[in-house]
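Only heavy atoms go into these numbers, but all of them, side chains included; no hydrogens, no water, no symmetry mates. Source: prediction; values computed, not measured. Chain identifiers are assigned alphabetically (A, B, ...) following the order of the sequence lines, protein sequences preceding nucleic acid strands; residue numbering begins at 1 within each chain.
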2 protein chains.
Amino acid sequence: MSLRHALLGLLSERPASGYDLLKRFETSLATVWPATQSQIYTELTKLAAGGLITVAAEGPRGRKEYAIADGGLAELRHWLTETKPQRNTRSDILLRVFFLGVLKPEQARAYLAGLVEMSEQGHEELRLLAESIDWGDDDLSVYGRIALEYGLRFNAMRREWAEWAAGQIR
Amino acid sequence: MSLRHALLGLLSERPASGYDLLKRFETSLATVWPATQSQIYTELTKLAAGGLITVAAEGPRGRKEYAIADGGLAELRHWLTETKPQRNTRSDILLRVFFLGVLKPEQARAYLAGLVEMSEQGHEELRLLAESIDWGDDDLSVYGRIALEYGLRFNAMRREWAEWAAGQIR
DNA sequence: TTCTACATGTAAAACGTTACATGATTTC
DNA sequence: GAAATCATGTAACGTTTTACATGTAGAA
């Protein structure tokens with residue numbers, strides 16, 4: 001049920017239309033919480049029906065600009081402070097590792113080499129993104145920077161691990 | 001669609017019943033690919049209907065022992081070598097970080113402190129697990145060890161990151 | 001005028017979780 | 001004989017993905 005919280009979170013920053021939010025999901029949230037257009041519009045309708053957000057303005061082409069309501073902000077804070085994050089996230093990358101024994105050693109190493117490359121690319125993309133942003137000391141900058149740093153460290157860790165792992169296979 | 005591959009992977013090691021497989025999902029695969037009893041039994045029926053696995057033996061209490069068929073092994077190898085792993089995994093842990101700005105700084109730091117603790121616990125659990133296993137040099141040992149090492153490094157990385165992040169919040 | 005971007009909505013299918021339902025064998 | 005474990009199956013519900021469907025406004 002985190003999609004609704006992701007939407008509330010984005011709307012807590014500033015009012016936005018479904019279309020605006022979709023763009024945010026495709027960029028900053030893409031690596032953390034992917035969501036489709038279909039899902040976003042459906043959930044916005046439900047949130048508005050529940051009074052957690054309101055239609056603050058209507059624009060051209062049927063544009064509806066949503067704003068977070070007091071109840072929505074309370075729900076967002078409740079989620080952040082009172083509910084525990086899920087520990088288990090599915091990782092098909094790691095799941096595959098368990099079964100590499102059915103492949104020939106060189107195929108298993110090739111898989112791990114692919115992970116090295118994926119991690120390098122991921123790291124580089126984030127590095128460029130970090131460079132392109134003019135970081136201030138507002139909330140978005142501070143927490144955006146923290147999330148981005150996680151990505152950098154994660155990719156570096158995975159790269160080193162995959163290199164080490166390839167060396168374990170004889 | 002990775003549940004079917006997880007099942008094929010486990011059955012490639014040795015024949016097993018739905019019940020046996022459920023236990024494997026609750027232990028070794030729990031952190032990587034959680035699955036419920038309901039899901040497992042349903043998928044096994046489908047895999048058997050598709051000829052990717054067979055009922056190799058029947059035991060007491062209606063026990064059905066499944067074995068992987070040639071087609072299933074081919075499908076498993078195809079998945080491992082020809083399909084790309086998903087990059088984006090949802091992380092509600094990281095999603096929350098984006099929105100910590102709606103909390104008071106001390107609440108945000110408390111959240112990150114919780115992540116430090118979670119990572120320490122995760123690390124410790126894996127360390128004990130690693131100690132308790134008698135590692136050989138068979139496939140399962142080699143790849144199981146590699147997957148476990150990932151968990152250790154991941155938890156260490158996350159712990160250090162969360163500590164650093166808490167220091168970024170004024 | 002044509003293309004691109006803006007903008008929304010719904011339906012069907014696939015996947016995942018929770019709950020219900022049942023019963024046999026083994027162990028104490 | 002009771003309790004724990006082994007063992008399977010299905011129904012209802014919620015979430016996610018893919019696909020279909022439609023139309024407007026602005027830019028070139």
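- Atom P of nucleotide C:dG9 and atom CD of A:Glu43 are separated by 13 Å, given to the nearest angstrom.
- For the pair B:Tyr143 and A:Leu100, the tightest heavy-atom approach, listed with the atom from each and the gap, is CE2-CB, 3.4 Å.
- If A:Gln39 and A:Pro60 are placed on DNA chain D by their nearest nucleotide, the residue sitting closer to the 5' end is A:Gln39.
- Taking only distance into account, the side chain of B:Ser38 meets the base of C:dT18 through a donor-acceptor pair shorter than 3.5 Å.
- Clustering ILVMFWY residues whenever any of their side-chain heavy atoms sit less than 4.5 angstrom apart, transitively, puts B:Val142 in the very cluster that holds A:Leu94.
- Look at CZ on B:Arg4: it is 8 Å from P on C:dC15, rounded to the nearest Å.
- Summarising the geometry, the separation between CE on B:Met1 and C1' on D:dT18 is reported as 15 Å, rounded to the nearest angstrom.
- Applying the 4.0 Å criterion to OP1 and OP2 of C:dC6, one finds that A:Arg63 has every side-chain N and O outside that range.
- Look at B:Arg61 and you won't find any side-chain N or O under 4.0 angstrom from OP1 or OP2 of C:dG23.
- For A:Tyr19, whose side chain is taken as the heavy atoms from C-beta onward, the closest listed nucleotide among D:dT17, D:dT16, C:dA7 is C:dA7.
- Here the nucleotide nearest the side chain of B:Gln37, chosen from D:dT10, D:dA7, C:dA7, is D:dT10.
- Straight-line distance from the CG atom of B:Leu22 to the P atom of C:dT18: 14 Å, rounded to whole Å.
- The pair B:Asp20-B:Arg24 does not count as a salt bridge, with every side-chain nitrogen at least 4.0 angstrom from each carboxylate oxygen.
- A:Leu3 has its CG atom 17 Å from the P atom of C:dG16, to the nearest Å.
- Distances shorter than 4.0 Å separate none of the side-chain N or O atoms of A:Tyr41 from OP1 or OP2 on C:dG9.
- Nearest-nucleotide assignment on DNA chain C puts the 5′-proximal partner with A:Lys23, out of B:Ala35 and A:Lys23.
- Distance from the side chain of B:Thr45 is smallest to D:dG9 among D:dA25, D:dT5, D:dG9.
- To the nearest angstrom, P of C:dT10 lies 12 Å from NZ of A:Lys46.
- Inspection of the B:Arg77 and B:Ser12 side chains reveals no N or O donor paired with an N or O acceptor under 3.5 Å.
- Of the two residues contacting DNA chain C, namely A:Gly18 and A:Arg90, the nearest-nucleotide position lying further toward the 5' end is that of A:Gly18.
- For B:Gln86 and C:dA14, the CD to P distance is 18 Å, given to the nearest whole Å.
- Distance B:Leu21 CG to D:dC6 P: 14 Å, rounded to the nearest Å.
- Nucleic acid contact class of B:Ser17 (heavy atoms, under 4.0 Å, all strands): sugar-phosphate only.
- Scanning all heavy atoms of the two residues, the minimum distance from A:Leu10 to A:Leu29 falls at CD1-CD1, 3.9 Å.
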